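Some notes on the structure that comes next.
These figures come from a predicted structure and were not determined experimentally. A note on names: the letters A, B, ... follow the listed sequences, proteins ahead of strands, and every chain is numbered from 1.
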There are 2 protein chains.
Amino acid sequence: MGAALALVGKGRHFASLGIREVTRQAGVVPTSFYRHFRNMDDLGLQLVDELGLVLRRMMREARANVLQSDKLIEESVGIFVAHARTNRNFFMFMAQGLAGESRAVQEGIRSEMRFFASELANDLRRLRLMDHLSDADLDLTCDLVVRTVAFSLTDLLSVSPDDDYQIGQIRKRTTRFLQMIFVGAGHWQSDGA
Amino acid sequence: MGAALALVGKGRHFASLGIREVTRQAGVVPTSFYRHFRNMDDLGLQLVDELGLVLRRMMREARANVLQSDKLIEESVGIFVAHARTNRNFFMFMAQGLAGESRAVQEGIRSEMRFFASELANDLRRLRLMDHLSDADLDLTCDLVVRTVAFSLTDLLSVSPDDDYQIGQIRKRTTRFLQMIFVGAGHWQSDGA
DNA sequence: CACATTAGTGAACAAGTGTACACATCAACA
DNA sequence: TGTTGATGTGTACACTTGTTCACTAATGTG
């Protein structure tokens with residue numbers, strides 16, 4: 001799995017990886033592959049599971065650092081950007097998987113995103129933010145937030161991880177996106193929406 | 001190019017396609033490939049160019065059908081969904097390319113999206129909507145809109161093109177996303193954003 | 001310690017891959 | 001009509017690929 005991630009991190013697309021290639025990168029003989037996975041799709045699914053853990057770690061950190069901050073959005077985006085850098089390969093895999101060729105991997109990632117959105121909704125409820133929104137509308141908002149952040153991922157991954165200036169730009173832009181969404185959510189249904 | 005698109009439409013990822021595979025689908029001998037393209041990346045780039053045309057056609061239709069409608073957002077999303085169905089393979093290619101393995105294709109698609117966003121900004125200016133926004137903020141809004149629609153693409157492409165119910169759901173949800181964004185844009189900078 | 005499970009090995013095979021080269025076909029135009 | 005440029009063909013070569021099978025090394029548990 002590490003070998004596959006490493007190749008993805010080098011710019012290869014997961015769908016184009018072969019068993020021999022992965023085992024070669026892992027420093028192991030091709031047949032060993034079958035001791036762990038039935039095929040590449042299987043490997044992909046297990047990567048999605050690990051991706052889930054990465055995302056949960058990120059959420060935990062965000063909750064810890066953000067609870068009483070007034071710059072909730074800015075902080076959260078910062079944590080996201082930091083994690084995207086630390087776990088670059090995982091996030092690359094995620095970005096690829098959304099339109100990947102394995103339906104199962106696709107669905108897995110989608111499901112991780114849904115989970116993330118629902119946790120975000122819980123947090124906002126708990127913090128008594130967006131109290132005027134119905135459950136459905138809060139859901140809508142969180143879904144939109146998660147999508148926006150996920151799309152920023154593709155921006156983030158398309159620049160060098162050392163290009164602090166560009167990364168800063170993306171962080172600022174993403175923050176403004178979210179601010180605009182929350183302004184919209186704040187006025188939702190109180191006007192002609 | 002048609003053959004490559006057809007394979008993508010069948011669920012394959014562009015990055016995993018080979019020259020022989022494409023020529024086989026095209027009903028032509030492998031060596032013929034080199035008469036038209038230098039390699040698969042080259043083919044990808046030419047597909048991006050054609051994708052540009054598809055998007056422009058869509059924009060033209062949207063402008064024609066939407067000028068004096070009060071349901072501007074709803075109509076536009078409808079046109080988008082319709083085009084996504086008609087040109088399913090092109091849009092699949094687009095969704096894949098955003099996180100694809102050819103940097104050039106990636107940049108090409110990204111650039112098409114920027115163009116689309118800037119045209120949208122022009123239209124909004126012309127229609128005297130969002131008149132209170134600075135150029136930069138209008139840009140921000142349009143970028144966010146285009147991203148949101150692009151992400152909906154992955155939803156759209158993950159369901160069967162004949163599943164009218166699910167497609168309708170996606171259309172409605174996307175519409176609400178955009179409405180929320182525009183509500184946010186409408187109140188932008190007038191409150192604590 | 002012995003034993004069972006797990007992980008890794010090496011050789012083999014049929015099939016598929018990218019690419020090179022010389023040759024054939026065909027449309028368009030002088 | 002003859003020539004030319006674009007497109008397609010057939011053969012060939014050196015690799016790479018997925019998967020199989022029988023075998024070995026290491027691991028931890030009774």
Return the 5'-most residue of the pair Pro30(A), Val29(B) with respect to DNA chain D, ranking by each residue's nearest nucleotide. Val29(B)
Using only modelled atom types and a 3.5 angstrom limit, is any donor from either the side chain of Thr31(A) or the base of dG10(C) paired with an acceptor on the other? yes
Can you pull out the residues from residues 11-24 of chain B that lie within a 4.0 Å heavy-atom distance of DNA chain C? Gly18(B), Ile19(B), Arg20(B), Arg24(B)
Short side-chain N/O contact from Tyr34(A) to OP1 or OP2 of dT19(D), under 4.0 Å: yes
Length of the line joining Asp41(A):CG and dG18(D):C1', which is rounded to integer Å: 14 Å
Just verifying a value: how many Å separate His36(A) NE2 and Met1(A) CE, rounded to the nearest 0.5 Å? 11.0 Å
If you check every side-chain atom of Arg35(B), which of dG18(C), dT9(C), dA22(C) has the closest atom? dA22(C)
Nucleotide nearest Ser32(B) when distance is taken to its side chain, options dT19(D), dT19(C), dG8(D): dG8(D)
Base, sugar-phosphate or nothing for Phe33(B)? Non-hydrogen atoms, less than 4.0 Å. nothing
Within the side chain of Arg103(B), is there an N or O that forms a donor-acceptor pair under 3.5 Å with the backbone of Ser158(A)? yes
Separation of dA20(C) atom P from Asn39(B) atom CG, nearest Å, is 11 Å
Pairs of donor and acceptor atoms involving the side chains of residues 39-51 of chain A, under 3.5 Å and at least two apart or interchain, shall be tabulated with distances.
{"residue": "Asn39(A)", "atom": "OD1", "partner": "Asp41(A)", "partner atom": "N", "Å": "3.2"}
{"residue": "Asn39(A)", "atom": "OD1", "partner": "Asp42(A)", "partner atom": "N", "Å": "2.9"}
{"residue": "Asp42(A)", "atom": "OD2", "partner": "Arg38(A)", "partner atom": "N", "Å": "3.0"}

Gln25(B) CD to dG16(C) C1', straight-line distance once rounded to whole Å: 17 Å
pair Thr148(B)-Phe151(B): side-chain heavy atoms closer than 4.5 Å: no
Going by the angle between their ring planes, with limits at 30° and 60°, are His13(A) and His13(B) parallel, tilted or perpendicular? tilted
